Protein chains: 2
Amino acid sequence: MDKKENSETINPLIDGHLHYLHNVSVDNVIFGYHEKELKVLLQRPQGMAKWQLPGGYIKRTETIGEAARRIAEARTGLTELYLEQFRSFGTPRRTEDEDFTPELLSKVSGFKVPADFWMFDYFVSVGFYTLTEFSRVKPNGDFYMEECEWWPVSELPEMVFDHLEMIKEALKTLRVHIYHHPIGYELLPEKFTLQDIHALYETILDRKLDSRNFTKKLLTTGIIIKLGEQKKMKGHRYPFLYMFDKDKYENALKEMMVLVV
Amino acid sequence: MDKKENSETINPLIDGHLHYLHNVSVDNVIFGYHEKELKVLLQRPQGMAKWQLPGGYIKRTETIGEAARRIAEARTGLTELYLEQFRSFGTPRRTEDEDFTPELLSKVSGFKVPADFWMFDYFVSVGFYTLTEFSRVKPNGDFYMEECEWWPVSELPEMVFDHLEMIKEALKTLRVHIYHHPIGYELLPEKFTLQDIHALYETILDRKLDSRNFTKKLLTTGIIIKLGEQKKMKGHRYPFLYMFDKDKYENALKEMMVLVV
DNA sequence: TCAATAGTGTCTCTTAGACAATATCGC
DNA sequence: GCGATATTGTCTAAGAGACACTATTGA
């Protein structure tokens, strides 16, 4: 446990209102990719039927980005996540939900939670998204979380509040993003095959990409470099390994280059 | 005064804490364009030397978008503004400023403002931007505003808090935006000349665009349509008038078309 | 006819996008 | 040799981008 974990001595139900900002929170859409599957990390609190995004409150001493990171790290165990803010959500009754009531909270926590408890107030939520290899992640719940799991983006469970809309919005942002940023850089191993990166893009964009044109584009822009090595596999020809060219990729960002067609 | 103006019976210094959300606010970057000039609408509160963005608090009964619109309408008098959220800003000490203190607020307002007044708390601000014809706008201040004026984006005055960063960020978003949205639609008169739209794009992007290629692109994509009419002007050939093709333009949005090169 | 601005056409070069045959591996 | 997957080249059409001359108007 590092120093950040001191924060966990705050019990939101007892002294949360003193340490956290009111009326504003963060929610993370944590995308996980692994072998042609795109998933989202969701949690289900004790006593609730619906799932939710890993989100939380902002401490008075931290930035919104730090809050998002703290929460994302707690759920994934990963410290190198690249979080990107995508939008804020603010509608007066957005957090009213039959699955989020004083009665339920009281029952689960053992504390007497009043109806006008600060948590039931109007909260504006700042949305962040990130993308990681989901095989590296062991989803961590906490005391209040009954489950914490990866869900395929194509088969999401029923969600509380406006969290489904948030996921859709984050996915839209990710898909626009992928045209201008070498997403794979954060996601693929240092050395990867053409099939790896090809499958990644096809999965995220949810459409077929011609492998000849895709390869051609990545190579002529110089974003990736072919290495001498090949990956040993069984039963067929060995694929070559590639890596990103960091300089070219920084440049691509600046010039608003379109990376995939 | 329409019904919305009832809200103005809230005096932020007296009962603001009851009607507004705490720890979260909105700020608007209102861009104004007119004859090759791009400006931003700024205000300077009484007793302060620095300028600020027209921003404010969010009522418990409105969405963040409605709050942004209410504030933008109050300053511009325009009701048809298209506001776009671009980013939220949240850093613990972002609103600490020598120009924003209890003493100063007390002096200006005549109320005794305590040091721990809610307004001095950590506020996360949701940033919106919009773009309008600035000749249509008569900047309106209010009781607390000593000045409310248009400033050229290239010569901004000293600004309070992180508002300069917000403007830069909004401008960056606008410039990316202009590649994928027919910005002029919100901004130019229904019928306009090629020079009008050409100058608009050059001004916003702050660079020269070859008029032949620019015209060609707009016409071959079909985004704009040439009308039979010409605009009567003195001393030289009459320019033709054009208008946007709404269908083509909706399509351009969907297909992520690049509108200007 | 002059001053001022409007309006256009051509050429080159790059690249998007469609398309399928050949090469290597283990067995 | 077979099954499986990897790798790669060509063609066409569209468009980006460079470039400068002619047309209209009022005075």
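Note that the structure is a prediction, hence the values are computed from the model and not measured. Convention: sequence-line order gives letters A, B, ...; per-chain numbering from 1.
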Q: Please figure out whether A:L219 or B:S211 has its closest DNA chain D nucleotide nearer the 5' end.
A: A:L219

Q) Which residue pairs pass the salt bridge (charged side-chain N to carboxylate O under 4.0 Å, His left out) test with at least one member in residues 176-204 of chain A, sequence neighbours excluded? A) A:K191-A:E229, A:E202-A:K208

**Q.** Closest-nucleotide ordering on DNA chain C, the 5'-leading residue of A:R212 and A:Q230
**A.** A:R212

Q: Establish, yes or no, whether a centroid distance under 6.0 Å links the rings of B:F214 and B:Y201.
A: yes

Q: Taking the six-membered ring for Trp and the single ring otherwise, decide whether the centroids of A:F89 and A:F161 are under 6.0 Å apart.
A: no

Q.
I need the CE-P distance between B:M233 and D:dT25, as an integer number of Å.
A. 14 Å

**Q.** Euclidean distance, atom NZ of residue B:K208 to atom P of D:dC19 [Å, nearest integer]
**A.** 16 Å

Q) Quick one, which residues of residues 235-242 of chain A touch DNA chain C with a heavy atom under 4.0 Å? A) A:G235, A:H236, A:R237, A:Y238

Q) Over how many whole Å does the gap from A:L227 atom CG to D:dA6 atom P extend? A) 17 Å

Q. Ring centroid separation for A:F192 and A:F244, is it under 6.0 angstrom?
A. yes

Q) How would you label the contact of B:K226 with the nucleic acid (heavy atoms, under 4.0 Å): base, sugar-phosphate, or nothing? A) sugar-phosphate

Q | d(NZ, B:K231; C1', C:dT5) in whole Å | A | 13 Å

**Q.** Length of the line joining B:L218:CG and C:dT8:C1', which is rounded to integer Å
**A.** 15 Å

Q.
Parallel, tilted or perpendicular, judged at 30° and 60°: which one describes the rings of A:Y249 and A:Y185?
A. parallel

Q | Atom pair distance, as rounded to whole Å: CG in B:D210 and P in C:dG7 | A | 15 Å

Q.
Let's test your reading of the model: under 3.5 Å, does the base of D:dT5 pair with the side chain of A:K234 as donor and acceptor?
A. no

Q: Considering only NZ, NE, NH1 and NH2 on the basic side and carboxylate oxygens on the acidic side, decide whether A:K39 and A:E155 come within less than 4.0 Å.
A: no

Q) Expressed in angstrom and rounded to an integer, what is the separation of A:Y179 atom OH from C:dA16 atom C1'? A) 13 Å

Q) Rounded to the Å, how far apart are A:L194 CG and D:dT8 P? A) 8 Å

Q.
Looking at A:Q195, I'd like to know whether one of its side-chain N or O atoms comes within less than 4.0 Å of OP1 or OP2 on D:dT7.
A. yes

Q) Hey, does the side-chain of A:K216 have a donor or acceptor N/O within less than 3.5 Å of a partner on the base of D:dT7? A) no

**Q.** B:E165/B:R87 salt bridge by N-O under 4.0 Å criterion
**A.** yes

